[in-house]
2 protein chains.
Amino acid sequence: MTARAGGRLTIADVARAAGVSTSAVSYALNGKPGVSEATRARVIEVAGELGWRPHSAARSLSAARTGTVGLVLARPASTLGDESFYMQLITGIEAELAEQGTGLLLQLVADEDACVEVYRRWAAQGRVDGVLVTDVVREDPRPAFLRGAALPAVVMGGEVAAGLPRVVGDDQWAVQQVVEHLAQLGHQRIARVSGHPGFLHVHQRDEAFVAAARSAGLRPQVVPTDFTAQASRRATAGLLAHRARPTAVVYDNDVMAVAALAAVHAQGVRVPEDLSLVAWDDSTLCSLVHPRLTAVARDIRALGALAARRLLALLSGAQVEVDEPGPPSHLVVRESTAAPGPGPGLGPARG
Amino acid sequence: MTARAGGRLTIADVARAAGVSTSAVSYALNGKPGVSEATRARVIEVAGELGWRPHSAARSLSAARTGTVGLVLARPASTLGDESFYMQLITGIEAELAEQGTGLLLQLVADEDACVEVYRRWAAQGRVDGVLVTDVVREDPRPAFLRGAALPAVVMGGEVAAGLPRVVGDDQWAVQQVVEHLAQLGHQRIARVSGHPGFLHVHQRDEAFVAAARSAGLRPQVVPTDFTAQASRRATAGLLAHRARPTAVVYDNDVMAVAALAAVHAQGVRVPEDLSLVAWDDSTLCSLVHPRLTAVARDIRALGALAARRLLALLSGAQVEVDEPGPPSHLVVRESTAAPGPGPGLGPARG
DNA sequence: CTGAAAGCGCTTACAG
DNA sequence: CTGAAAGCGCTTACAG
């Protein structure tokens, strides 16, 4: 009942041990008709005893499916490390894939064009059965390529029509919740320190923010950044230097919000008495600091899992809706937001 | 010059287009002897024009190598997301692998036993050429399995003999730097809020900490945790409640250090006037807070890259040393460490 | 230096 | 329900 010395255990070994043909083993293990239930059970038992598993490459070659899904991330290494978003997303994706015995091939690249090159190579090599796409940018070359290359794909969190199946966010709704929260507290001038405007979700949050603020009678400002702590400090300092400074600022990630908190704190600006702060994408980090940050929370893991499940469905030939809503956002109100101070005076000199 | 309709482009198409045999194409593309340089050049050109790439599964099956390396992480999803360590490590690994055209298969599991199950499956399926191992625990089942399964592996950051090639850290040296720094500032009682004691590197840092403190004439304390912010707050509160409270605390990750900073700050304890804080594994987070945290910095990306390079060398049959030093640690002194306050009095009531 | 052929380990029509 | 055989797309001895 052991493999021949030096060799790999193959389907032939299992067939021999079970006293059936190799095709019977294949049918039995893959849950296909063509074998009696008695034979199927015996084959499964024998395979288990021997510890045989179908050779991945052989199966891929004959079945024309790899059992692997690809994820290419086009963000700087520092961003990937600092924002828990990506690891949470990967965790969610992986959990779903693992459940179905599918592997995750991960590659990190510099930009969307490099991303397309990876897709092109993977498609030519038959390396993956499909890919998961995130961080769609304006004029993103990926959707068009993926449609043309016949490489199945699901876009995560994209807000615009990409012509690909998508798990869509509810950013617009979430932006409204944030603005309403600030309006109810009595804020009149609110600002948004946003991420890189090339990202579609950033652009759409920007527009939603301005629209929601105006319709609530507030005066909005938007400052674009590159998602880094340094850019956040600079943007925040710029906002606070104005005569008509905002009394509340919404940041596009947790790192920028926390960096701003520390920076304004060091200048004697009190949060939330002098300035209210909101972070987008709640994280452990937001609860780590003092005061804890009010934040827009999403179940990123669920987003990843949902996208993975959809891709697997797509690969198994199921009909899938083009758009499916992702996990809902909700505002987690903590201590960093409160009613604005009495007047334009700001800082420790006040009171 | 195009593939036949509906079909995949194969080596036969390239051979036909170049007017040679398929074996000549294979030799030419793989840089093997057996073709003239003129033929090789023409084949490469034709393959490029057609956009042909060897089919991954076919190559794996015949060449008995997958061009893929595996990484299994056995940590809770929250830890993976919160600590930038993992994404930095993956970034470093991936950069090195990508350069050599090797893929990274990533899987997340609950514990070391589940990790072994994945290795077992991968080995049986011929899914990867080798694996990278991190977070070695006491009585870790993985090294023994990997040696037995003939699955090539390199251990990252392990400090003990695992019988596998390792990229080793310099934790002992780093601990000494931290302790010396605190001793020079005049601290007498120092504590270490360490991670889960099951991890070998944690255990070894614990021992090194106690030894270094004693030999410097200091009084050390060690409190084990599970690496979470909550455990850090509890451990820190416990330390500060003692009569002979420490005047400096070293935390085993950035999240715990930042959580403790916020917690003691909320209680009126000033950092560094009343309490000095040190974080292990510097990160963006450590520079985000106020005061910025003194921290032990390592080039995690370089660690990942080095381990990946070693594994690739191992796979290509090169002789590799069993132990190779990883990137050196160094102490980054910032504002969270200073000389201890004048007496046992602590908190806002003082002075 | 080149070509025809076997073989990697599966899956899947196809005939019994 | 079962078995013999072709085929997936490469690599690699082996004979010319």
Side-chain angles (χ1 to χ4, degrees), chain A residues 3-4 6-43 46-47 50-68 101 121-127 129, chain B residues 3-4 6-43 46-47 50-68 101 121-127 129:
Chain A
R4 60 191 182 287
R8 153 176 293 280
L9 199 61
T10 74
I11 197 172
D13 298 309
V14 179
R16 202 175 304 124
V20 297
S21 68
T22 57
S23 50
V25 175
S26 179
Y27 292 142
L29 267 295
N30 290 319
K32 300 209 171 173
V35 287
S36 65
E37 282 313 307
T39 303
R40 189 187 303 276
R42 186 153 42 90
V43 166
V46 169
L50 269 64
W52 174 82
R53 298 266 192 166
H55 186 81
S56 163
R59 165 173 275 185
S60 296
L61 186 56
S62 55
R65 47 169 295 283
T66 63
T68 306
R121 184 164 54 79
W122 281 353
Q125 295 180 140
R127 200 81 160 75
D129 296 328
Chain B
R4 61 191 182 287
R8 154 176 291 280
L9 200 62
T10 75
I11 197 173
D13 297 310
V14 179
R16 201 175 306 124
V20 297
S21 69
T22 58
S23 50
V25 175
S26 180
Y27 292 142
L29 267 294
N30 290 319
K32 301 209 170 173
V35 288
S36 65
E37 282 314 308
T39 302
R40 189 188 302 278
R42 186 152 41 90
V43 166
V46 168
L50 269 63
W52 175 82
R53 299 264 191 168
H55 186 82
S56 163
R59 165 173 276 184
S60 296
L61 186 57
S62 55
R65 48 169 294 284
T66 63
T68 307
R121 184 164 54 79
W122 281 354
Q125 296 180 142
R127 200 80 159 77
D129 296 328

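Just so we're clear, the structure is a prediction, and the values are computed from it rather than from any experiment.
- Residues passing the side-chain hydrogen bond (donor to acceptor under 3.5 Å, both in side chains) test with A:Arg65: none are found, sequence neighbours excluded.
- Looking at residues two or more places apart in sequence or on another chain, you find a salt bridge (Lys or Arg N to Asp or Glu O under 4.0 Å) between B:Arg40 and B:Glu37.
- Of the residues in residues 53-64 of chain A, A:Leu61, A:Ser62 come within less than 4.0 Å of DNA chain D through at least one heavy atom, sorted by number.
- Among residues at least two apart or in separate chains, there is no salt bridge (charged side-chain N to carboxylate O under 4.0 Å, His left out) pair with a member in residues 20-29 of chain B.
- Listed by chain and number, the residues in a side-chain contact (heavy atoms from CB on, under 4.5 Å) with B:Thr66 are B:Ser60, B:Thr68, B:Asp129 (sequence neighbours excluded).
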Inset, instruction - Whenever both distances are under 3.5 Å in a Watson-Crick or G-U wobble pair, mark it; put DNA chain D into dot-bracket that way, with [ ] for crossing pairs and | when the partner is on another strand. - result: |||.||||||||.|||
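- Applying the side-chain contact (heavy atoms from CB on, under 4.5 Å) test to A:Ala47 and every residue at least two apart in sequence or in another chain returns A:Val14, A:Leu29, A:Trp52.
- In this structure A:Ser23 satisfies the side-chain hydrogen bond (donor to acceptor under 3.5 Å, both in side chains) test together with A:Ser21, sequence neighbours excluded.
- Across residues 28-36 of chain A, A:Gly34, A:Val35, A:Ser36 each have a non-hydrogen atom less than 4.0 Å from an atom of DNA chain D (numbered order).
- Under the rule for a side-chain hydrogen bond (donor to acceptor under 3.5 Å, both in side chains), the partners of B:Thr39 that lie at least two apart in sequence or sit in another chain are B:Ser36.
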Which protein N or O atoms sit under 3.5 Å from an N or O of nucleotides 13-16 of chain D?
{"residue": "D:dA13", "atom": "N7", "partner": "B:Tyr27", "partner atom": "OH", "Å": "3.2"}
{"residue": "D:dA13", "atom": "N6", "partner": "B:Tyr27", "partner atom": "OH", "Å": "2.9"}

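- Looking only at distances, a side-chain donor or acceptor of B:Asp13 sits under 3.5 Å from a matching main-chain atom of B:Thr10.
- When each of A:Glu37 and A:Thr22 is assigned the nucleotide of DNA chain D bearing its nearest heavy atom, the one mapping closer to the 5' terminus is A:Glu37.
- Remark: B:Ser62 engages no residue in a side-chain hydrogen bond (donor to acceptor under 3.5 Å, both in side chains) (not counting sequence neighbours).
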